[in-house]
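For reference, the structure discussed in these notes is given below.
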Amino acid sequence: MEFRGQHAGLSQVLICNADESEPGTFKDRLVLEGDPFSIIEAMTIAGYAINAHEGYIYIRVNIL
């Protein structure tokens, strides 16, 4: 089973976009504050599926 195309020589990077750019939305904040390890767990599973060796979480400073 193949989840993505094979590109020789290109490294795969996983990015989690936790930016709440829509006014009045707090869905990402609730997950990050309530169960932050679920984000890490989901990124680990997704990274394994696409064979990523790096992962980044984009978070805006106003969430902190």
Side-chain angles (χ1 to χ4, degrees):
M1 179 184 280
E2 184 176 323
F3 292 102
R4 60 164 181 81
Q6 297 295 324
H7 301 286
L10 295 177
S11 63
Q12 299 297 317
V13 177
L14 180 70
I15 299 174
C16 173
N17 184 3
D19 179 24
E20 294 183 324
S21 58
E22 305 90 16
T25 60
F26 300 106
K27 59 183 174 30
D28 297 335
R29 171 181 271 174
L30 292 175
V31 172
L32 290 170
E33 289 178 351
D35 189 13
F37 291 107
S38 67
I39 303 296
I40 304 299
E41 181 180 8
M43 289 183 69
T44 302
I45 294 168
Y48 179 78
I50 66 168
N51 197 25
H53 295 281
E54 295 180 43
Y56 297 96
I57 301 175
Y58 174 75
I59 187 167
R60 206 184 282 198
V61 72
N62 63 351
I63 292 179
L64 301 174

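All heavy atoms count here, side chains included; hydrogens, waters and symmetry mates do not.
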*For the atom pair CD1 (Ile39) and CD1 (Ile57), what is the distance rounded to the nearest 0.5 Å?*
7.0 Å

*Could you give the distance from NE2 (His53) to OG (Ser11), rounded to the nearest 0.5 Å?*
8.0 Å

*asked:* Starting from Ile15, can I reach Val31 by hopping between I/L/V/M/F/W/Y residues whose side chains sit under 4.5 Å apart?
replied: no

*Partners meeting side chain to side chain contact (heavy atoms under 4.5 Å, CB included) with Tyr58 (sequence neighbours left out)*: Asn17, Asp19

Distance-only donor-acceptor pairs under 3.5 Å for side chains of residues 40-50, two or more places apart:
unit_1, atom_1, unit_2, atom_2, d
Thr44, OG1, Ile40, O, 2.7

